[in-house]
Amino acid sequence: MLDLKLIREDPAWVEGRLQSRGKGHDLQKVHLLEQEKRAIQAETEALQARRNAISREIGHLKAQQGDASALLEEMQGLGPRLKALELLLRSKEEAVGEVVSQLPNLPDLSVPMGRDENENVELRRWPAASEPEPLPFPAQSHWDIGERLGVLDFDAGALVAGARFTVLRGGGARLSRALINFMLDLHTAEHGYTEVLPPFLVNRESLFGTGQLPKFEEDLFAASDDFFLIPTAEVPVTNLVRGQIVEEEQLPLRMVAWTSCFRREAGAAGKDTRGLIRQHQFDKVELVWITRPEESEAALEQLTRDAEAVLKRLELPFRTVALCTGDLGFAARKTYDLEVWLPGQGRYREISSCSNTGDFQARRMQARLRRKEGKKVEPVHTLNGSGLAVGRTLVAVLENYQQADGSVVIPDVLRPYMGGVSLLEPVVKK
RNA sequence: GGAGAGAUGACCGAGCGGUUUAAGGUGCACGCCUGGAAAGCGUGUGUACUCCAAAAGGGUACCGAGGGUUCGAAUCCCUCUCUCUCCGCCA
């Protein structure tokens, strides 16, 4: 949620920042609605003040057996007028809220200008600045590798659930679990995060807080009773501070959570239909920071490095990209994507997205901090990033560690989590 | 799922239709007292929106949430949510 005061005080600047996302937003409407709202508010509150004064006076008179009929008569006239005004005020408040809650976050000034993902800016590559060496044999896609190994069963996923669901079997299921445990251990033991295991179903308030609602309901799976399956652990974990006032010295909060994630992928028909890249259900290890405003910029750099560390330990080539203004997500002020190299596709694919949302989510959630000096409260800043998307990491391992004979070597750091298994071998078809 | 009891400020807790500002306590902050501290005494102590050029200072709303009754609701009525106790069921 954008700061209404900021919109009021410097609409041109806000409009310009919104414009940089590629879509214009008319703040005139907000301005007008807000003005109307405040006029009605002033009138309503004056009337409420009068009502309160009269009520008090009636109380006095009754206590002294006095005659309150004149006051009661004034109240008769006041009542309906006040009721109508209160109703009108609320509808205006809702109208303002509705418009403002649809506005995306303002891009940070350091975000490169651009229309779409083609204008994102590559910042760095690992392990070298050049494209990774091609494999010394024709690279297979992970779906071919996985099926030959008997670890990815797309037919079974379609059978028990439908399109975009997959069953992991044997070493594949084990590898997924190994990745989750490896990531959680790395972030907790070496990067200082606290592990959280949140609900996978959340309420509307939480989804509003992080910005998925009201605009993106069609991307979510709804369960009954107004619960939604989480599209990312960012939702339940960030919302842990919703409605809270956190003491300044308790910040930053740094949390890591493994969850399954569920997405409709409504707008992605025909995209990535094969393989594990785009599923309705996938696992992800998510990093969340709650910070003081002045430290969120540095926090985004650190969070991104923490995510990069996973790829480095797994020895998977990747690059780090700064999203341009036109490619930013709704809630993001600034975003770095990590893209892993996939030999089977011969290109980099997103495996992590690390964002600083500034005070945008905090305003929607009413998550604040109390300053040690001055006792003032102000919105916290929130950040989130994948560390990493587990399904896509599994894809990257299969494709990067594939051998000419169709087997897949297990990365060194995962072997302790694989019960000593160091190689996945093709099953012999009968 | 059934039966019952609850939800009040940072915390505990009173209030159950009006007697201006939610009693009292604890905590916290500041001050007095003290050689220093404790104790004691005094003062202050939430959030959001809004009025005012700003400050100072006002106003309104908020006693789990939403409706209702009433001239007036923390207090009465209805619905919902959550917590606790017992029973049932269950991984």
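Heavy atoms only: backbone and side chains are in, while hydrogens, waters and symmetry mates are out. A quick note: this is a predicted structure, and the numbers were derived from the prediction, not measured.
- For the P atoms, the distance linking B:U85 with B:C30 amounts to 41 Å, nearest Å.
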**side-chain contact (heavy atoms from CB on, under 4.5 Å) evaluation trace for A:N384 with A:T357** = CA-CA 8 Å; A:N384 64 82; A:T357 74; 4.1 Å; yes
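- Nucleotide B:A48 holds its P atom 18 Å from the CZ atom of A:R364, rounded to whole Å.
- Take A:S260 and apply the side chain to side chain donor-acceptor pair (under 3.5 Å) test, not counting sequence neighbours, and it matches A:D283.
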**Complete:** Nucleotide by nucleotide, nucleotides 77-82 of chain B touches protein heavy atoms under 4.0 Å in the pattern (B base, S sugar-phosphate only, - none) ------
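- B:G40 and B:C32 make up a base pair, with Watson-Crick or G-U wobble contacts both under 3.5 Å.
- Phosphate contact (OP1/OP2 of B:A29, side-chain N/O of A:R370, threshold under 4.0 Å): absent.
- Taking the six-membered ring for Trp and the full ring otherwise, the centers of A:H280 and A:F221 sit less than 6.0 Å from each other.
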**Request:** Let me have a per-nucleotide readout for nucleotides 54-76 of chain B, 5' to 3', with B, S or -, counting only protein heavy atoms under 4.0 Å.
**Result:** -----BBS-----S-S-BS----
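- Here A:R8 lies in heavy-atom contact (under 4.0 Å) with sugar-phosphate atoms only.
- Across B:U21 and B:U75, the matching P atoms stand 16 Å from one another, rounded to whole Å.
- Between A:A223 and A:L201, the shortest heavy-atom distance links the atoms CB-CD2, 4.2 Å.
- B:G1 is paired with B:C87 under the Watson-Crick or G-U wobble criterion, all donor-acceptor distances under 3.5 Å.
- Residues A:Q366 and A:G59 each lie close to RNA chain B; by heavy-atom proximity, the contact nearer the 5' end of the strand is made by A:G59.
- In this structure, A:R364 satisfies the cation-pi test against A:F208, with its NZ or CZ atom closer than 6.0 Å to the six-membered ring centre and inside 45 degrees of the ring normal.
- Side-chain N/O atoms of A:R38 include one lying less than 4.0 angstrom from OP1 or OP2 on B:C51.
- Nucleotide B:A61 forms a pair with B:U47, judged by Watson-Crick or G-U wobble geometry with both contacts under 3.5 Å.
- A 6.0 Å sphere centred on CZ of A:R51 holds more than 12 heavy atoms belonging to other residues, nucleotides or ligands.
- Side-chain contact check for A:L168 versus A:V151: every heavy-atom pair is 4.5 Å or farther apart.
- We find that CD of A:E34 is positioned 16 Å from P of B:A48, with the value rounded to whole Å.
- A donor-acceptor pair is defined here as one N or O able to donate and one able to accept, closer than 3.5 Å; no such pair exists between the side chain of A:T238 and the backbone of A:V235.
- One interatomic measurement links the two molecules: CD of A:E249 to C1' of B:C28, which rounds to 13 Å at whole-angstrom precision.
- A donor-acceptor pair under 3.5 Å is absent between the side-chain atoms of A:R278 and the main chain of A:R164, judged by distance alone.
- In this structure, the CG atom of A:D3 is 13 Å from the C1' atom of B:C49, given to the nearest Å.
- Rounded to whole Å, the separation between the C1' atoms of B:A37 and B:G24 comes to 28 Å.
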